[in-house]
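So the structure is just underneath, and the comments pick up after that.
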Protein chains: 2
Amino acid sequence: MPQKITPIGQATAESRKAQLDRIIATNVARQLTAQDLVLNSMREAILTAALPPGTRLRQEKLAELFGTSRIPVREALRALEYEGLVTSMPRRGFTVTELDADDIEEVYDLRVLLESHAVRLAVPLITDEDLQILEGLYARMVKAPSGDEQLAAREGFYSRLYTITGRPRLVAQISRLRQEIARSLRWPTLQHAPEHHERFFEAIKAGDAEGAAALLASHYRRVAILIRRYLRDASAKDRVTMATADAITDHPTRRRQAK
Amino acid sequence: MPQKITPIGQATAESRKAQLDRIIATNVARQLTAQDLVLNSMREAILTAALPPGTRLRQEKLAELFGTSRIPVREALRALEYEGLVTSMPRRGFTVTELDADDIEEVYDLRVLLESHAVRLAVPLITDEDLQILEGLYARMVKAPSGDEQLAAREGFYSRLYTITGRPRLVAQISRLRQEIARSLRWPTLQHAPEHHERFFEAIKAGDAEGAAALLASHYRRVAILIRRYLRDASAKDRVTMATADAITDHPTRRRQAK
DNA sequence: CGCGGCTAGATTGTATGCAAGAACTGAGAG
DNA sequence: CTCTCAGTTCTTGCATACAATCTAGCCGCG
């Protein structure tokens with residue numbers, strides 16, 4: 001059975017708890033339905049690893065945390081399950097999804113397939129107006145500091161590009177896959193490869209769909225390998241993070257169901 | 001704005017209601033959680049068009065119909081939304097998803113992409129045991145009468161084949177797309193093309209992944225065109241079905257949100 | 001006669017509470 | 001020392017009830 005690892009290196013339970021509170025606070029500010037509040041906060045918390053993989057999510061505790069009843073929590077968890085961020089084991093509740101090397105491989109393989117397809121569809125359809133918008137988004141991406149803003153800017157640029165295809169399912173599926181492994185993208189190994197994005201955008205502007213698709217594929221294959229290597233190296237010193245014993249942030253008994 | 005049409009030709013409101021009751025009765029028989037009862041029944045009802053596209057789904061009425069409270073109904077609807085079978089507009093409730101020609105095109109385009117990929121991955125991995133199972137499923141598919149059993153048998157054969165890839169996301173995504181357009185597959189135009197499946201299976205058995213993928217792609221392109229043609233022809237005499245005014249089966253005000 | 005605001009009804013969103021069932025704990029037998 | 005089994009605790013699943021919001025119809029005004 002493959003090892004599951006937590007992507008967080010040195011983060012302490014306290015810093016995670018503080019981060020979680022901050023996320024909730026900013027989301028409470030906006031006037032949303034309770035359900036969306038929970039959904040947005042949980043999503044952000046999971047993606048920033050304030051809730052690390054394997055965390056068991058108890059409805060009661062979450063409801064208390066958000067100041068709501070369990071109903072909106074249940075529905076938000078259900079939604080997150082379909083986004084792939086949490087996993088429900090029947091009668092054992094919800095846990096934050098853990099990814100192993102096989103999952104990484106599958107996700108990147110699908111990303112290559114779908115994003116190449118999207119690029120091939122999009123490039124011939126790009127209008128001057130699209131190009132202007134993409135230029136703006138690209139500039140923002142270049143300027144953005146590393147970290148979360150980098151990720152957000154990249155997401156903005158690429159999803160705008162894919163939207164040009166006019167295929168909502170394709171776009172949704174791509175961003176869902178992207179989100180599934182967004183946690184891995186915060187690892188130190190992977191800090192930003194600006195030259196890749198630059199060459200990619202050049203190909204796009206040149207109308208070279210095949211070239212762009214090829215660049216994208218080779219980039220993703222490389223990233224996938226880096227992540228897998230990191231996973232392997234990290235799995236040894238993994239167990240430390242399991243000691244966190246906050247009411248929300250604790251881990252379930254380490255058991256995986258066979259599928 | 002593209003016209004949305006209902007795939008049902010001459011079905012009356014009464015026959016649909018009867019069908020719906022039958023579905024519910026058979027599902028009540030099995031001992032399920034209320035939520036699964038609602039989920040299964042609704043899914044079947046939508047896929048068999050007992051609940052035609054555009055039907056507005058009122059939680060209260062559905063709860064009464066199933067003899068439960070609104071909570072399990074809500075959760076089942078939410079699940080169906082992620083399966084693509086129903087659409088929710090915030091504060092305006094749920095409706096059965098309507099598909100237009102563009103949707104059909106996108107779904108089939110994605111199916112070609114994903115299923116070809118799955119075939120290419122699966123074929124080199126097929127073991128003797130797999131082949132034996134596939135033979136059995138294929139035989140059942142050949143024997144199955146047209147209609148729902150045909151569809152189920154086909155689903156069984158193909159999803160078993162794709163499962164060989166060992167890629168849960170790929171398999172799930174394929175069956176989700178399949179389900180989205182399952183309603184269209186019941187139209188009279190599309191009654192079964194056994195020769196396609198036979199040639200496909202021959203290619204699989206011969207280990208010819210590329211050939212199988214090509215067959216699959218050309219078949220789907222053909223089906224997509226047939227469906228689109230049917231859509232166009234049917235859209236004229238569509239409006240009749242909108243007159244149905246059952247409490248469950250009525251349509252919402254014909255308005256689509258721009259995206 | 002058409003249009004816009006307003007009230008009443010309908011419908012969704014959420015909270016509380018209870019019951020059924022699973023998972024854990026610990027004691028006792030082998 | 002291990003395995004089994006019952007009691008306890010925890011968690012989920014569901015029903016009822018209330019609040020917030022939207023929709024539709026009506027009335028008054030232009």
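In what follows, chains are A, B, ... by sequence order, proteins preceding strands, each numbered from 1.
The CG atom of A:Leu37 sits 15 Å away from the P atom of C:dG13 (whole-angstrom rounding). The CZ-C1' distance, from A:Phe94 to D:dT11, rounds to 12 Å in whole Å. Atom CG in A:Leu62 sits about 11 Å away from atom P in D:dT11, given to the nearest Å. At whole-Å resolution of the value, CD in A:Glu64 and P in C:dA15 are 13 Å apart.
Legend: residues meeting side-chain contact (heavy atoms from CB on, under 4.5 Å) with B:Arg176, ordered by chain and number and at least two apart, are B:Gln173, B:Glu180. Every residue two or more places apart in sequence or in another chain that forms a side chain to side chain donor-acceptor pair (under 3.5 Å) with A:Glu105 is listed here: A:Arg228. Residues passing the ring pair (Phe, Tyr, Trp, His ring centres under 6.0 Å) test with B:Phe94: none are found, sequence neighbours excluded. The salt bridge (Lys or Arg N to Asp or Glu O under 4.0 Å) search around B:Glu155 returns B:Arg178, not counting sequence neighbours. Taking B:Tyr162 as the reference, nothing meets the ring pair (Phe, Tyr, Trp, His ring centres under 6.0 Å) condition, with sequence neighbours excluded. A:Arg70 is linked by a salt bridge (Lys or Arg N to Asp or Glu O under 4.0 Å) to nothing, counting only residues two or more places apart in sequence or in another chain. Residues forming a side chain to side chain donor-acceptor pair (under 3.5 Å) with A:Arg111 (at least two apart in sequence, or on another chain): A:Glu115, A:Tyr220. Residues satisfying the side-chain contact (heavy atoms from CB on, under 4.5 Å) test with A:Ala224, not counting sequence neighbours, are A:Tyr108.
Distances shown here put every side-chain N or O of B:Gln35 at or beyond 4.0 Å from the OP1 or OP2 atom of D:dG13. Checking the phosphate oxygens (OP1, OP2) of D:dT23, a side-chain nitrogen or oxygen of B:Arg92 falls inside 4.0 Å.
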Taking only nitrogen or oxygen atoms into account, show me every contact under 3.5 Å that the protein makes with nucleotides 7-11 of chain C, one pair per line with its distance.
| from | atom 1 | to | atom 2 | distance (Å) |
| --- | --- | --- | --- | --- |
| C:dT11 | OP1 | B:Arg58 | NE | 2.9 |

Protein N or O to nucleotides 15-21 of chain D N or O, pairs below 3.5 Å:
| from | atom 1 | to | atom 2 | distance (Å) |
| --- | --- | --- | --- | --- |
| D:dA15 | OP2 | B:Ser69 | N | 2.6 |
| D:dA15 | OP2 | B:Ser69 | OG | 2.9 |

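Where the helix from C:dC1-D:dG30 to C:dG30-D:dC1 starts and where it ends, the local axes point in directions that differ by 20°; five pairs per end, rounded to 10°.
With A:Ser175 contributing its side chain and A:Ala172 its backbone, the two residues share a donor-acceptor pair below 3.5 Å. A:Gln59 places no side-chain N or O within donor-acceptor distance of the main-chain N or O of A:Val73, the cut-off being under 3.5 Å.
Here salt bridge (Lys or Arg N to Asp or Glu O under 4.0 Å) pairs that include residues 76-86 of chain A, with residues two or more places apart or in two chains, are A:Arg43-A:Glu83.
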